[in-house]
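As structure tokens, the structure follows; a few thoughts come after it.
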Amino acid sequence: MTRRRLKKLVVGRRIARVATTEPSYFFLTPPKTLARRLVGRTGTGLERHGKYLTLALDDGSALLLHLGMTGQLFASNAPGVRLLRFTDRKVASSRGRDFRPDSHTHLRLAFADRGPSVYFRDARKFGKCQWLAPGATSPRLERLGTDALRIDAQSLYAMCRERRVSVKSLLLDQSAFAGVGNIYADEALFLARIRPARPARGLSKHECVKLSASVRAVLRRAIQRGGSTISDFVHPDGGAGAYQDERRVYARGGEPCFICRRPIARMLIGQRSSHFCPRCQK
DNA sequence: CAAATCCCCTGCAGGC
DNA sequence: TGCCTGCAGGGGATTT
């Protein structure tokens, strides 16, 4: 969803100006270098790789983006005016909020056609921004496994056989399947009725069928419901993603399970909070 | 190979 | 009311 909306805003438009914040580890490429490389370039394509986006540029280079947890992409409808937050389903005004560039807005791309600028804001700086030279590869991208939207039972089962980690950790491992975050992992495991702490090796083929289908369903649904804004529903500093209303277990510790009414449990797995129903999930 | 720990950063909730 | 503390989280690096 984010990719599709962003695509219209960056592909085929020539970048005229680039504004950044000060150097920080948000910028894998120093911001001044980044700006120098981007000015004058025209986007030729926008692809998603797991949680990464790459904007291909007309000189063969590319811009790599990762939204991290709190990353937000905006487009301005007119300079200096209210910003449309296109990771939201509805226009920002429906929530009565204005989005304006602030100290957390690390990147602004302004275009030669004087149309809407694109802004990348990230309060926590867990997001990433990198310029990739023509022909350059990124270790980050090369590490990624199969896109989780295309996860299938057989490859999941095969992966379960060769890894000695919990099934939750396996789902979160981007080198196994790219694109599953903490929330989606918990939700998919609930749908499949599998406990997150289960060793991956212990999953049956049938469970892998259920789990792979659940992962695909959860991701598809989340995309439908408003793209990747899910990450900021916990800290709704820019409006909540619509998928939050469909959570069944995530951040519902102590609240009743929607199926059996028993309290949802919470535990740490691989330093990540995990939520599940002790009764419904085996 | 796996798992634990740390780090980056800041908004927010809870305690007093 | 306001300050302080702790927590959360993606993912890479480092250590056990």
Side-chain angles (χ1 to χ4, degrees), chain A residues 2 20-31 48-54 64-73 85 87 97 99 101-107 120-130 132 137-145 147-148 158-188 196-202 219 222 227-241 243-244 247 249-255 264 266-275:
Chain A
T2 297
T20 69
T21 50
E22 294 300 300
S24 69
Y25 75 98
F26 174 87
F27 293 105
L28 299 177
T29 300
R48 184 184 63 80
H49 317 270
K51 303 177 187 175
Y52 289 91
L53 289 170
T54 50
L64 178 68
L65 302 174
H66 190 297
L67 294 181
M69 263 177 64
T70 49
Q72 304 167 308
L73 288 163
R85 181 161 181 267
T87 47
R97 304 181 82 130
F99 297 100
D102 59 8
S103 64
H104 299 308
T105 306
H106 303 296
L107 182 69
F120 186 175
R121 179 180 187 272
D122 185 3
R124 307 256 167 112
K125 294 188 189 170
F126 277 18
K128 293 286 177 284
C129 197
Q130 182 177 25
L132 301 176
T137 58
S138 161
R140 289 165 178 271
L141 293 181
E142 294 192 321
R143 259 196 294 274
L144 298 179
D147 194 284
M159 197 65 77
C160 283
R161 307 300 336 162
E162 66 186 58
R163 304 291 292 272
R164 264 169 289 193
V165 294
S166 67
V167 60
K168 168 82 183 272
S169 296
L170 179 63
L171 288 181
L172 289 182
D173 185 342
Q174 303 297 300
S175 69
F177 298 101
V180 184
N182 201 31
I183 297 165
Y184 302 118
D186 280 3
E187 297 298 320
R198 284 267 302 282
R201 286 184 76 99
L219 292 180
S228 52
T229 61
I230 187 68
S231 64
D232 63 19
F233 86 83
V234 179
H235 309 282
D237 52 0
Y243 189 79
Q244 71 159 335
R247 283 177 299 126
V249 287
Y250 190 84
R252 294 196 64 245
E255 295 173 35
I264 296 298
R266 178 181 181 278
M267 69 181 291
L268 284 181
I269 298 174
Q271 307 307 112
R272 292 276 181 267
S273 64
S274 303
H275 314 76

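Heavy-atom basis, side chains included; hydrogens, waters and symmetry copies ignored. Quick note on labels: first sequence line is chain A, next is B, and so on, each numbered from 1.
- A/R163 comes within 4.0 angstrom of the backbone, heavy atoms only, and of no base.
- Nearest to the side chain of A/R164, among C/dG11, B/dA2, B/dT10, sits B/dA2.
- Using a 4.0 Å heavy-atom distance criterion, A/Q271 is classed as a base contact.
- For A/K51, a side-chain nitrogen or oxygen approaches OP1 or OP2 of C/dG11 to under 4.0 Å.
- If you check every strand for non-hydrogen atoms under 4.0 Å, A/S273 touches sugar and phosphate atoms only.
- We find that CG of A/L144 is positioned 8 Å from P of C/dG12, with the value rounded to whole Å.
- Residues A/D186 and A/K168 meet the side-chain proximity criterion, which asks for heavy atoms closer than 4.5 Å.
- Whole-Å rounding puts the A/D173 CG to B/dC1 C1' distance at 12 Å.
- As a whole-Å value, the separation of A/E142 CD from C/dG12 C1' is 16 Å.
- The backbone N or O of A/G179 lies less than 3.5 Å from a partner atom in the side chain of A/Q174, making a donor-acceptor pair.
- Distance NZ (A/K128) to P (C/dG11): 9 Å, rounded to an integer number of Å.
- Under the 30°/60° scheme for interplanar angles, the aromatic rings of A/F26 and A/H106 are found to be tilted.
- A/R201 comes within contact range of no nucleotide atom at all, as no heavy-atom separation falls under 4.0 Å.
- Judged purely by atom type and a 3.5 angstrom limit, A/R201 uses its side chain to pair as donor or acceptor with the backbone of A/R161.
- If you take CG of A/L170 and C1' of B/dA2, they are 13 Å apart, rounded to a whole angstrom.
- In this model, the phosphate group of C/dG11 is approached by a side-chain N or O of A/H66 to a distance below 4.0 Å at OP1 or OP2.
- Across B/dA2, B/dC8, B/dT10, the shortest atom-to-atom separation from the side chain of A/A123 is found for B/dT10.
- For C/dG11, the OP1/OP2 oxygens have a side-chain nitrogen or oxygen of A/Q174 closer than 4.0 Å.
- Distances shown here put every side-chain N or O of A/R124 at or beyond 4.0 Å from the OP1 or OP2 atom of B/dC7.
- Distance check: A/T29 OG1 to A/L64 CG gives 8.5 Å after rounding to the nearest 0.5 Å.
- A sub-4.0 Å separation between OP1 or OP2 of B/dC9 and a side-chain N or O of A/H104 is absent.
- Following rounding to the nearest Å, A/Y184 (OH) and C/dG11 (C1') show an atom-to-atom distance of 17 Å.
- Taking 4.0 angstrom as the limit, A/R272 places none of its side-chain polar atoms (N or O) nearer than this to OP1 or OP2 of C/dA8.
- We find that CZ of A/F126 is positioned 9 Å from C1' of B/dT10, with the value rounded to whole Å.
- Protein atom CD of A/Q72 is 14 Å distant from nucleotide atom P of B/dT10, rounded to whole Å.
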